[in-house]
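Counting from 1, the numbers follow the sequence of the chain as shown.
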Amino acid sequence: RGGDWSSDVSLPISMQYDVSLTEEGPSRELSWATGNRLLEMRSWLYQPFLYHAIHADTQTAHVRENPVLQSLVEAAMDCHLETVQKRSFRHRHHGIWFDIRAIVSAAFSVIAAAKSGKVTVREEWGGHIAHIISTLAFWEGESPDLVRTRQVLERLFHEVGYFNSP
C-alpha cells in the first residue's frame, strides 16, 4: 500500500509533514496542509478500486479472490478513515469547507461499501459516521446547505443498519 508519501518525497523543511507532531499552531500549518493534500491524492488514486468493488457484478468473485485488488480496496478504506480522523474539525479555518467536503465524501463511500455487502467495513465506522453527522450539525447555522447534506447522510446511515449497535 501507499505508505507515508510525505516522507518519500524531497520537500523543503517547511512543507515536510511529521506525523508524530500534534497541532502546534501556524508554524506547522503548511506541512499540515501538505499532508492533507497528499492524503487527498492517495484517496483519489484508490477510490476507483473501491468503486469497482462496490459495483462489480455479484456473480463475479474476482474482487475478494484477487489479493492485489483487495489490498487496493482496503487502502481506499484506510484513506477514508484517515481523512475522517484528521479532518473533522469544529473550529473555523480557511480550509474548513474542503475538510467538510472530504469527510462527507468519505462517509458516503463507506456507507455505499456497507450497503453493497461486498466490502468489509469495520465496526468503528459507526462512531466515525455519527461524528461526521454531528460535525455537519455543528456547521449548519453557518452553511445552510449542510442541513440537507446531514439529513441525507443520517437517513442513509440508519438505512444501512450495519452500524447500529445494540
Side-chain angles (χ1 to χ4, degrees), residues 1-6 17 19 22-23 29 32-58 60-61 63-64 69-166:
R1 298 209 285 235
D4 182 12
W5 291 10
S6 60
Y17 183 70
V19 294
T22 58
E23 188 174 327
E29 186 175 349
W32 178 83
T34 303
N36 278 341
R37 221 32 194 161
L38 291 170
L39 173 59
E40 192 169 37
M41 286 185 268
R42 284 186 14 238
S43 294
W44 293 339
L45 290 172
Y46 294 127
Q47 184 64 22
F49 300 103
L50 179 59
Y51 181 90
H52 176 73
I54 292 168
H55 297 286
D57 182 4
T58 57
T60 331
V63 173
R64 291 181 196 250
L69 187 53
Q70 189 60 36
S71 72
L72 295 168
V73 169
E74 289 171 12
M77 293 294 286
D78 291 345
C79 283
H80 288 318
L81 180 61
E82 190 175 347
T83 296
V84 170
Q85 290 172 332
K86 289 184 174 180
R87 299 182 75 178
S88 297
F89 293 112
R90 293 187 182 188
H91 67 272
R92 181 184 319 286
H93 62 85
H94 65 280
I96 192 64
W97 178 250
F98 299 106
D99 288 337
I100 290 171
R101 187 176 68 178
I103 64 173
V104 167
S105 177
F108 282 133
S109 292
V110 170
I111 287 174
K115 282 185 84 162
S116 77
K118 301 173 188 174
V119 176
T120 302
V121 178
R122 298 190 301 248
E123 284 185 37
E124 68 188 290
W125 270 106
H128 290 302
I129 292 178
H131 180 71
I132 293 167
I133 290 168
S134 68
T135 299
L136 293 175
F138 177 85
W139 289 107
E140 283 176 3
E142 298 187 38
S143 185
D145 57 323
L146 293 180
V147 173
R148 183 70 180 133
T149 304
R150 179 190 50 78
Q151 291 170 343
V152 170
L153 183 58
E154 218 164 24
R155 181 178 53 80
L156 291 171
F157 179 60
H158 292 297
E159 277 179 17
V160 169
Y162 178 91
F163 304 107
N164 296 339
S165 53

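In this structure, Tyr46 and Cys79 approach most closely via the heavy-atom pair CD1-SG, 3.7 Å. Contact between Trp139 and Phe89 at its shortest, heavy atoms only, is NE1-O, 3.1 Å. Of all heavy-atom pairs between Ile54 and Ser109, the closest is CD1-O, 4.0 Å. The two atoms that bring Thr135 and Ser88 nearest to each other are OG1-CB, 4.4 Å, heavy atoms only. The shortest non-hydrogen separation linking Ile103 to Val84 is CG2-CA, 4.0 Å. For the pair Ala114 and Val121, the tightest heavy-atom approach, listed with the atom from each and the gap, is N-CG2, 3.7 Å.
Taken to the nearest 0.5 Å, the OG atom of Ser143 stands 6.5 Å off from the CD1 atom of Ile100. Separation of atoms CG (Leu72) and CE (Met77) is listed at 14.0 Å; rounding is to 0.5 Å. With rounding to the nearest 0.5 angstrom, the CZ atom of Arg150 is 14.0 Å from the CD1 atom of Ile132. Put simply, CG on Asp78 and CD on Gln85 are 9.5 Å apart, with the number rounded to the nearest 0.5 Å. Taken from OG in Ser71 to CZ in Phe49, the straight-line distance is 9.0 Å, to the nearest 0.5 Å. The line from CD of Glu154 to CD1 of Ile129 is 12.0 Å long, rounded to the nearest 0.5 Å.
Lys118 places no side-chain N or O within donor-acceptor distance of the main-chain N or O of Ala113, the cut-off being under 3.5 Å. With hydrogens and angles ignored, the 3.5 Å screen pairs no side-chain donor or acceptor of Ser105 with any backbone N or O of Ala102.
The pair Lys115-Glu159 counts as a salt bridge, with a side-chain nitrogen and a carboxylate oxygen less than 4.0 angstrom apart. Between Asp99 and Arg90 there is no salt bridge, since no side-chain N of the basic residue sits under 4.0 Å from a carboxylate O of the acidic one.
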From CA spacing to verdict: side-chain contact (heavy atoms from CB on, under 4.5 Å), Trp97, Leu146: CA-CA 10 Å; Trp97 178 250; Leu146 293 180; 3.9 Å; yes

Assess the residue pair Glu82 and Arg87 against the criterion (side-chain contact (heavy atoms from CB on, under 4.5 Å)); give the C-alpha distance rounded to whole Å, side-chain angles, the decisive distance to 0.1 Å, and a yes or no. CA-CA 8 Å; Glu82 190 175 347; Arg87 299 182 75 178; over 6 Å; no

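For the pair Glu140/Thr149, no side-chain contact is recorded, criterion being any heavy-atom separation below 4.5 Å from C-beta on. In this structure, Leu81 and Arg122 have side chains that are in contact, with non-hydrogen atoms separated by less than 4.5 Å.
By the 6.0 Å contact criterion, CZ on Phe108 is enclosed, its count of non-hydrogen atoms from other residues, nucleotides or ligands being greater than 12. The environment of CZ in Arg155 is crowded: more than 12 heavy-atom neighbours from other residues, nucleotides or ligands sit within 6.0 Å.
The aromatic rings of Trp125 and His128 lie perpendicular to each other, with more than 60° between the two planes, well past the 30° mark.
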